[in-house]
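The chain is numbered in sequence order, starting from 1.
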Amino acid sequence: MSVTTTSPTAPMTDGAGPPRLTADLTLSCLRAAAGDDAGLRELPTERLVALHALTETWARAHRLVAAALDERLHAAAAGPPALTERQRQVVALLREGLTIQAMARRLGLSPRTVGKHLERVYRRLGTSDRLTTVLRAQQQGLLLPMGDGQRAWADTPATGAP
């Protein structure tokens with residue numbers, strides 16, 4: 001969108017694209033917002049229609065941006081996403097570099113079930129690959145440091161082989 005200084009009666013388009021927002025038109029809008037609509041009364045109908053379309057587009061964009069910001073702020077306020085015990089186990093086994101088949105054997109589940117747990121972990125952590133998932137889980141404190149005789153996932157006592 002280009003901003004130019006022209007008279008209120010000058011054409012708003014150059015024929016090649018959408019209407020241009022002119023400095024005079026902007027000033028007229030600001031005056032109207034302040035309660036002085038004299039500037040808008042001077043505008044031709046074509047410019048008023050174009051201005052209305054432009055403000056509707058801005059309002060729609062404003063709503064979309066505000067909704068996205070609200071979503072991000074709520075997510076940030078909620079803290080790290082909670083993972084189920086099984087999901088933490090799957091992430092811990094990811095950290096060990098196991099395949100889905102190996103994780104399934106270790107957990108006594110089918111490979112399809114492990115894959116579903118992994119999909120849900122990706123969604124909850126906002127990741128799309130194994131490395132990023134493990135790193136994000138570690139950053140958010142969802143995995144305990146690896147140690148002798150200790151499971152890699154939080155909130156689970158050590159009990160023999162996983």
Side-chain angles (χ1 to χ4, degrees), residues 1-4 12-23 25-26 28-30 32-34 47-162:
M1 172 181 347
S2 61
V3 177
T4 58
M12 284 185 62
T13 63
D14 55 10
R20 290 188 315 260
L21 182 62
T22 65
L25 190 56
T26 303
S28 297
C29 290
L30 291 173
R47 297 193 87 187
L48 288 173
V49 169
L51 178 61
H52 184 267
L54 188 62
T55 56
E56 286 295 317
T57 301
W58 285 346
R60 206 170 317 123
H62 172 74
R63 285 191 299 273
L64 291 173
V65 169
L69 290 174
D70 283 347
E71 185 177 316
R72 294 288 299 234
L73 289 173
H74 288 296
L83 296 179
T84 66
E85 177 65 21
R86 188 63 85 184
Q87 289 168 345
R88 283 194 301 262
Q89 292 170 352
V90 168
V91 174
L93 296 174
L94 271 182
R95 177 169 58 183
E96 293 179 26
L98 297 179
T99 64
I100 287 180
Q101 289 76 18
M103 285 186 245
R105 280 192 303 274
R106 179 93 55 102
L107 296 171
L109 301 171
S110 74
R112 179 174 155 84
T113 301
V114 172
K116 289 296 182 182
H117 284 304
L118 192 54
E119 286 175 22
R120 289 183 181 101
V121 167
Y122 285 165
R123 195 174 321 122
R124 283 192 178 175
L125 297 181
T127 58
S128 60
D129 63 83
R130 292 169 169 247
L131 178 60
T132 306
T133 301
V134 170
L135 292 174
R136 183 145 317 144
Q138 287 175 330
Q139 290 168 348
Q140 295 179 356
L142 300 172
L143 292 175
L144 294 175
M146 296 286 285
D148 291 332
Q150 182 179 26
R151 289 187 186 252
W153 51 87
D155 302 329
T156 303
T159 57

Would Leu107 and Val90 satisfy side-chain contact (heavy atoms from CB on, under 4.5 Å), going step by step from the backbone distance to the final call?
-> CA-CA 9 Å; Leu107 296 171; Val90 168; 4.0 Å; yes

Measuring from Arg105:CZ to Ile100:CD1, what's the distance to the nearest 0.5 Å?
-> 12.0 Å

Hey, is the main chain of Ala82 close enough, under 3.5 Å, to the side chain of Arg124 for a donor-acceptor pair?
-> yes

Please examine the side chains of Leu109 and Arg86, heavy atoms only from C-beta on, and report whether any two atoms are closer than 4.5 Å.
-> yes

Shortest non-hydrogen contact between Gln87 and Val121, atoms and distance = CB-CG2, 3.5 Å

What's the shortest heavy-atom distance between Ala104 and Pro111, and which atoms?
-> CB-N, 3.6 Å

Run through Gln101, Gln89, Glu96 and flag the one making a side chain to side chain donor-acceptor pair (under 3.5 Å) with Arg106.
-> Glu96

Looking at Leu94, Leu93, Val91, which hits side chain to side chain contact (heavy atoms under 4.5 Å, CB included) with Leu118?
-> Leu94

Just distance, no hydrogens or angles: give the donor-acceptor pairs under 3.5 Å from side chains in residues 126-136, sequence neighbours left out.
from   : atom 1 : to     : atom 2 : distance (Å)
Thr127 : OG1    : Thr133 : OG1    : 2.7
Asp129 : OD1    : Leu131 : N      : 3.2
Asp129 : OD1    : Thr132 : N      : 2.9
Asp129 : OD1    : Thr132 : OG1    : 2.9
Asp129 : OD2    : Thr132 : OG1    : 2.9
Arg130 : NH1    : Leu98  : O      : 2.8
Thr133 : OG1    : Asp129 : O      : 2.6
Arg136 : NH1    : Leu125 : O      : 2.6
Arg136 : NH1    : Gly126 : O      : 3.2

Decide yes or no for Met103 and His117: does some side-chain heavy atom of the first lie under 4.5 Å from some side-chain heavy atom of the second?
-> no

